Amino acid sequence: MSDKTALITGITGQDGSYLAELLLSKGYLVHGLIRRSSTFTTQRIDHLYQDPHEPDARLRLHYGDLADGSRIAALLEGIKPDEVYHLAAQSHVRVSFDEPEFTGTTTGLGTTRLLEAIRMTGLPCRFYQASSSEMFGTTAPPQSESSPFHPRSPYAAAKVYAYWITRNYREAYGVHAVNGILFNHESPRRGETFVTRKIARAAARIARGEQDVLHLGNLEARRDWGYAPEYVDAMWRMLQQDKPGDYVVATGTSYSVRDFLSFCFEHAGLDWERHIRFDERYLRPSEVPDLVGDASKAEGELGWRATVHAPELARIMVDAELAAVPIAAPERSLTGA
């Protein structure tokens with residue numbers, strides 16, 4: 001078992017919750033950063049919650065915001081993590097067109113604030129930056145670590161900035177910082193506004209007679225869809241390397257939104273064409289046609305390979321929706337509150 005301490009920003013998101021599970025299983029002391037709000041938004045980690053008053057609690061949550069550099073620096077000085085996993089961001093591509101400034105402030109400059117806090121405090125930690133396949137945009141597939149970036153959204157542009165500022169702190173200040181360029185990765189914990197979760201959820205609800213139609217935008221976009229629990233393992237493997245580097249994490253396969261739709265609805269026993277309606281509001285001002293990752297570097301250096309591809313992923317997500325029941329959130333308090 002490990003005696004390491006990790007800090008996860010974005011711990012309440014899909015990736016953060018799976019990463020917290022993984023690190024706790026390896027014996028880490030895990031600290032998570034969450035934003036203050038009038039309601040708890042910790043549903044994805046409720047099953048991991050431990051009362052901070054218990055002396056052996058291995059998961060501790062702290063209020064903080066990526067817009068507050070002084071708070072981030074204070075937390076780093078207090079926690080002294082061995083590893084920092086920076087997953088927090090405004091991560092919805094379509095929303096970034098509506099909120100470009102906010103997306104740049106959180107997704108882009110938030111990374112700078114975190115890295116600068118590490119530099120200023122002199123913390124000898126290892127840093128993981130959650131980069132994105134959206135950075136490649138219209139670059140022809142397959143995309144690898146050497147492929148040029150052509151961002152096609154404010155989100156992607158902010159991620160390109162975060163990618164380069166991470167490399168800059170590695171090269172200028174010797175920070176042990178890596179970029180994980182993750183292609184689309186999904187799970188039953190994906191946010192309900194993301195297309196894969198929308199589709200899986202609708203398939204289950206239509207099968208139960210709870211709704212009749214689903215409105216979608218571009219069905220022709222092709223993506224490299226993997227399974228989020230496998231991808232957080234790649235994150236951890238990156239920070240165990242003696243020399244920091246950047247890695248593409250992907251399945252190497254390509255499926256369209258139409259394909260994923262077909263997989264989900266067929267698994268639920270439905271004809272998707274009877275239930276789908278087009279809504280132009282879901283179209284992006286500039287589209288990304290085809291993202292397919294070449295993860296040969298990750299396989300060669302990290303020993304990582306994806307095993308779950310889109311057809312099985314669709315079945316996993318629909319089965320989870322069919323089996324879902326409401327679960328009451330436990331009472332909890334936060335350290336540093």
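The basis for the numbers below is simple: all heavy atoms, side chains too, and nothing from hydrogens, waters or symmetry mates. The structure presented is a predicted model; accordingly, all values stated were derived computationally and were not measured.
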Intermediate values then yes/no, salt bridge (charged side-chain N to carboxylate O under 4.0 Å, His left out), Arg119 and Glu116: CA-CA 5 Å; Arg119 185 190 70 81; Glu116 181 64 3; 2.5 Å; yes

Before you tell me yes or no, could you show the steps for Glu266 and Ser262 under side-chain hydrogen bond (donor to acceptor under 3.5 Å, both in side chains), namely the whole-Å CA-CA distance, both residues' side-chain angles and the distance that decides it to 0.1 Å? CA-CA 6 Å; Glu266 285 180 10; Ser262 177; 2.9 Å; yes

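In this structure, Arg189 forms a cation-pi arrangement with Tyr18, its terminal cationic atom sitting closer than 6.0 Å to the ring centre and no more than 45° off the ring axis.
By the 4.5 Å heavy-atom criterion applied to side chains, Ser256 and Leu219 are not counted as neighbours. Contact of the Asp15 side chain with the His185 side chain is registered, since non-hydrogen atoms from C-beta on lie closer than 4.5 Å. You'll find the side chain of Arg60 reaches within 4.5 Å of the side chain of Leu29, heavy atoms only. In this structure the side chain of Leu7 never reaches within 4.5 angstrom of the side chain of Leu75, judged on heavy atoms. Side-chain contact between Leu270 and Cys264 is absent, with no heavy atoms from C-beta onward closer than 4.5 Å. Residues Tyr85 and Thr9 are not in side-chain contact: their nearest non-hydrogen atoms beyond the backbone lie 4.5 Å or more apart. Met235 is listed as a side-chain neighbour of Leu182, based on a closest heavy-atom distance under 4.5 Å. By the 4.5 Å heavy-atom criterion applied to side chains, Phe127 and Tyr169 are not counted as neighbours.
Side-chain contacts under 4.5 Å among hydrophobic residues (ILVMFWY), followed directly or transitively, place Leu322 together with Val318. Counting Ile, Leu, Val, Met, Phe, Trp and Tyr side chains that sit under 4.5 Å apart, directly or through other members, Val160 shares a hydrophobic cluster with Met135, Phe136, Phe149, Tyr163, Trp164, Ile181, Phe183, Val248, Val288, Leu291.
With hydrogens and angles left out, the side-chain atoms of Gln14 and Ser187 include a donor and acceptor closer than 3.5 Å. When only modelled atom types and interatomic distance are considered, His150 and Thr138 share a side-chain donor-acceptor pair under 3.5 Å. Tyr161 and Thr111 share no donor-acceptor pair across their side chains, judged by distance under 3.5 Å alone. Looking only at atom types and distance, the side chain of Thr103 has a donor-acceptor partner in the side chain of Gln90 under 3.5 Å away. Checking His47 against Glu21 by side-chain atom types alone, a donor-acceptor pair falls below 3.5 Å. Of the N and O atoms on the side chains of Glu230 and Thr307, at least one donor lies less than 3.5 Å from an acceptor on the other residue. Under 3.5 Å, the side chains of Glu301 and Tyr247 contain a donor-acceptor pair of N or O atoms.
Note that CG of Leu59 is 10.5 Å distant from CG of Leu23, once rounded to the nearest 0.5 Å. Put simply, CG on Leu313 and OG1 on Thr196 are 7.0 Å apart, with the number rounded to the nearest 0.5 Å. Interatomic distance, Leu109 CG to Leu114 CG, rounded to the nearest 0.5 Å: 12.5 Å. If you take CZ on Arg258 and CD on Glu273, they are separated by 7.5 Å, rounding to the nearest 0.5 Å. In this structure, the separation between CG on Asp82 and CZ on Arg126 is 9.5 Å, given to the nearest 0.5 Å. In this structure, CG on Asn184 lies 13.0 Å from CZ on Arg222, to the nearest 0.5 angstrom.
Shown here for Arg113 and Thr105, the closest heavy-atom pair between the two residues is NH1-O, 3.2 Å. Nearest heavy atoms, Ile11 versus Ile45: O-CG2, 3.5 Å.
A side-chain donor-acceptor contact under 3.5 Å links Glu287 to the backbone of Arg284. In terms of modelled atom types and a separation under 3.5 Å, the side chain of Arg167 and the main chain of Asn179 share no donor-acceptor contact. In terms of modelled atom types and a separation under 3.5 Å, the side chain of Thr251 and the main chain of His309 share no donor-acceptor contact. Proximity of a side-chain donor or acceptor of Lys159 to a complementary backbone N or O of Ser133 within less than 3.5 Å is not detected.
In the displayed structure, Glu54 atom CD is contacted under 6.0 Å by more than 12 heavy atoms of other residues, nucleotides or ligands. For CZ of Arg277, the number of neighbouring non-hydrogen atoms (other residues, nucleotides, ligands) closer than 6.0 Å is greater than 12.
Ring geometry, Phe194 versus His92: the interplanar angle falls from 30° to 60°, so the pair is classed tilted.
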Do any side-chain atoms of residues 204-214 form donor-acceptor pairs under 3.5 angstrom with protein atoms, and if so which ones, sequence neighbours left out?
from	atom 1	to	atom 2	distance (Å)
Arg205	NE	Gln211	OE1	2.7
Arg205	NH1	Glu210	OE1	3.4
Arg205	NH2	Glu210	O	3.4
Arg208	NE	Glu210	OE2	3.0
Arg208	NH1	Glu321	O	3.1
Arg208	NH2	Glu210	OE1	3.4
Gln211	NE2	Val213	O	3.0

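Of the residues listed (Phe260, Tyr255, Phe263), the one engaging Trp225 in a ring-ring contact (aromatic ring centres under 6.0 Å, His included) is Phe260, and it is the only one. The one candidate from Asp279, Leu283, Leu261 that meets the side chain to side chain contact (heavy atoms under 4.5 Å, CB included) condition with Leu216 is Leu261.
Centroid-to-centroid, the aromatic rings of Tyr231 and Trp304 come within less than 6.0 Å.
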